[in-house]
Amino acid sequence: MKPSLNFLSASKLAAMLRAGEITSRQTVEAYFAQIKKQNPTYNAIVTLNETQTLAQADQADQALRDGKPCGPMHGVPITIKDTYRVKGSRTTVGYLPLKDYVPDSDAVAVKLLKEAGAIIVGRTNTPTLAMDMQTDNPIFGKTNNQWDVQRTPGGSSGGCAAALATGMTSLSLGSDLAGSIRLPASFCGVYGLKPTHGVVSFEGHIVPLPGQTNGYRTLAVAGPLARSI
């Protein structure tokens, strides 16, 4: 049996898209179908924009047909932790004073992912201000572990890990200070990497809060959670 598109690695999807074996719209639609099926149980993804995302998938497919230069993640659906600025997408950090905050610019890491051709299908849940080893906040509630919904997927990138484990995303941008990528990856059985400090820009990650300085929190890093190392 061929594995479902939902459970292929991001790199495999990228290769299939470049080869014309699948389309970006087909792939994005598969992820939205999985989100509608699984997310009510696991609450891993908290913000979606299906209409805009499908339009971006169609644009990605047309660019391939036109022979335009394409980045290494062209047309691949991904998710972003709800701690990074994403232009036009509600970004709350699970913090009530930011429940309606919509940034007008992207975090640097998000901008780079977009330039590589990735399509952002949604935002993943996080504990309030990314400060817990479980994933729960007063805006979106609790994210559940796919092995046992009575247990946590870990935190603070728990939404990223649970979305990957249940086939709702192929790759997710998380963040890590004291285990926030590594712990959820281990709890959910996916891969996570805490890069060397400073390798990936942390500009646009909304902890510390805008206008605040917190030397301890600046030790955190941006990094990926994925289905394959």
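Predicted model only: the values in this text are computed from it and were never measured.
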- [ ] Return the minimal non-hydrogen interatomic distance between Q146 and Y42, and the atom names on each side.
- [x] CA-CE2, 3.4 Å

Task: Check: P138 and T128 side chains under 4.5 Å, non-hydrogen atoms - done: yes

Open item on the list: Let me check something: do Y84 and L112 share a hydrophobic cluster, defined by ILVMFWY side-chain heavy atoms less than 4.5 Å apart, either directly or through other members?
Closed with: no

Open item on the list: Has R227 got a side-chain atom pairing as donor or acceptor with L171's backbone, closer than 3.5 angstrom?
Closed with: no

Open item on the list: Can you confirm whether E21 is buried at CD, in the sense that more than 12 heavy atoms of other residues, nucleotides or ligands lie under 6.0 Å from that atom?
Closed with: yes

- [ ] Rounded to the nearest 0.5 Å, what's the gap from OG1 on T126 to CG on D136? Could you check?
- [x] 10.5 Å

Open item on the list: I'd like to check N125 versus N43 (side-chain heavy atoms, cut-off strictly below 4.5 Å). Are they in contact?
Closed with: yes

Open item on the list: What verdict does the side chain to side chain donor-acceptor pair (under 3.5 Å) test give for K12 and S170, after you've listed the backbone C-alpha separation in whole Å, the side-chain angles of each residue and the deciding distance to 0.1 Å?
Closed with: CA-CA 10 Å; K12 177 65 174 176; S170 67; over 6 Å; no

Task: Over all atoms of both residues, closest heavy-atom pair of C160 and L225 - done: CB-CD1, 3.8 Å

Open item on the list: I need the Q34 CD to F7 CZ distance, nearest 0.5 Å.
Closed with: 5.0 Å

- [ ] Evaluate the side-chain proximity of V86 to D106: yes if any heavy-atom separation is below 4.5 Å, no if none is.
- [x] yes

Open item on the list: Once rounded to the nearest 0.5 Å, what's the spacing between atom OG1 of T124 and atom CD1 of I80?
Closed with: 8.0 Å

TODO: Could you verify whether a donor N or O on one side chain and an acceptor N or O on the other, from S9 and S228, lie under 3.5 Å apart?
DONE: no

Open item on the list: Is any side-chain heavy atom of S89 closer than 4.5 Å to one of T47?
Closed with: yes

Task: From OG (S175) to NZ (K194), nearest 0.5 Å - done: 10.5 Å

- [ ] Can you establish whether the number of heavy atoms outside Y191 located under 6.0 Å from its atom OH is more than 12?
- [x] no

TODO: Decide whether F140 and L96 are clustered together by the hydrophobic rule: side chain heavy atoms of Ile, Leu, Val, Met, Phe, Trp, Tyr closer than 4.5 Å, transitively.
DONE: yes

Task: Minimum side-chain heavy-atom gap L5-L13 below 4.5 Å - done: yes

Task: Residue K111 excluded, over 12 heavy atoms near NZ under 6.0 Å - done: no

Task: Closest non-hydrogen atom pair, A222 against S201 - done: CB-O, 4.1 Å

TODO: Check H197 against L219 and note the closest heavy-atom contact, atom names and distance.
DONE: CD2-O, 3.3 Å

Task: Check: K36 and E50 side chains under 4.5 Å, non-hydrogen atoms - done: yes

- [ ] Evaluate side chain to side chain donor-acceptor pair (under 3.5 Å) for T143 paired with T135, printing each intermediate quantity in order.
- [x] CA-CA 6 Å; T143 298; T135 297; 5.2 Å; no

Open item on the list: Any non-hydrogen side-chain atom of L54 less than 4.5 Å from a side-chain atom of R25?
Closed with: yes

Open item on the list: On a heavy-atom basis, which atom in V93 and which in A130 lie closest, and how many Å separate them?
Closed with: CG1-N, 4.3 Å

Task: Under 3.5 Å: donor-acceptor pair, side chain of D176, backbone of S180 - done: yes

Open item on the list: Do L183 and I181 land in one hydrophobic cluster if side-chain heavy atoms of ILVMFWY residues count as linked below 4.5 Å?
Closed with: no

TODO: Dump the intermediate steps for side chain to side chain donor-acceptor pair (under 3.5 Å) on S157 and K81, then the final yes or no.
DONE: CA-CA 7 Å; S157 303; K81 185 178 178 180; 3.0 Å; yes

Task: Co-membership, hydrophobic cluster, residues L113 and V28, 4.5 Å side-chain - done: no

Open item on the list: I need the single residue from I119, V121, I120 that forms a side-chain contact (heavy atoms from CB on, under 4.5 Å) with I78. Which is it?
Closed with: I120

TODO: State which residue, out of T92, T91, N137, fulfils the side-chain hydrogen bond (donor to acceptor under 3.5 Å, both in side chains) condition with D82.
DONE: T92

TODO: Please answer: with hydrophobic residues joined when any side-chain heavy atoms are less than 4.5 Å apart, are I45 and F32 in the same cluster?
DONE: yes

Task: Min side-chain heavy-atom separation F187-Q134 under 4.5 Å - done: no

- [ ] For residues N145 and C188, report the shortest heavy-atom separation together with the two atoms involved.
- [x] ND2-SG, 4.1 Å

Task: Y95 side-chain N/O to I139 backbone N/O, donor-acceptor pair under 3.5 Å - done: no

Distance-only donor-acceptor hits, side chain of residues 66-77, under 3.5 Å, sequence neighbours excluded:
{"unit_1": "D66", "atom_1": "OD1", "unit_2": "Q62", "atom_2": "NE2", "d": "2.9"}
{"unit_1": "D66", "atom_1": "OD2", "unit_2": "Q62", "atom_2": "NE2", "d": "3.4"}
{"unit_1": "H74", "atom_1": "NE2", "unit_2": "A60", "atom_2": "O", "d": "2.8"}

Open item on the list: Working to the nearest 0.5 angstrom, can you tell me the gap between M16 CE and T23 OG1?
Closed with: 10.5 Å

Open item on the list: Run the side chain to side chain donor-acceptor pair (under 3.5 Å) test on S105 and R85 for me, step by step, so that the C-alpha distance in whole Å, both residues' side-chain angles and the decisive distance to 0.1 Å come before the verdict.
Closed with: CA-CA 7 Å; S105 62; R85 290 199 316 258; 3.2 Å; yes

Task: CG-CE distance between L48 and M168, expressed to the nearest 0.5 angstrom - done: 9.5 Å

Open item on the list: Using only atom types and a distance under 3.5 Å, with no angle test, would you say the side chain of T79 pairs donor to acceptor with the backbone of T169?
Closed with: no

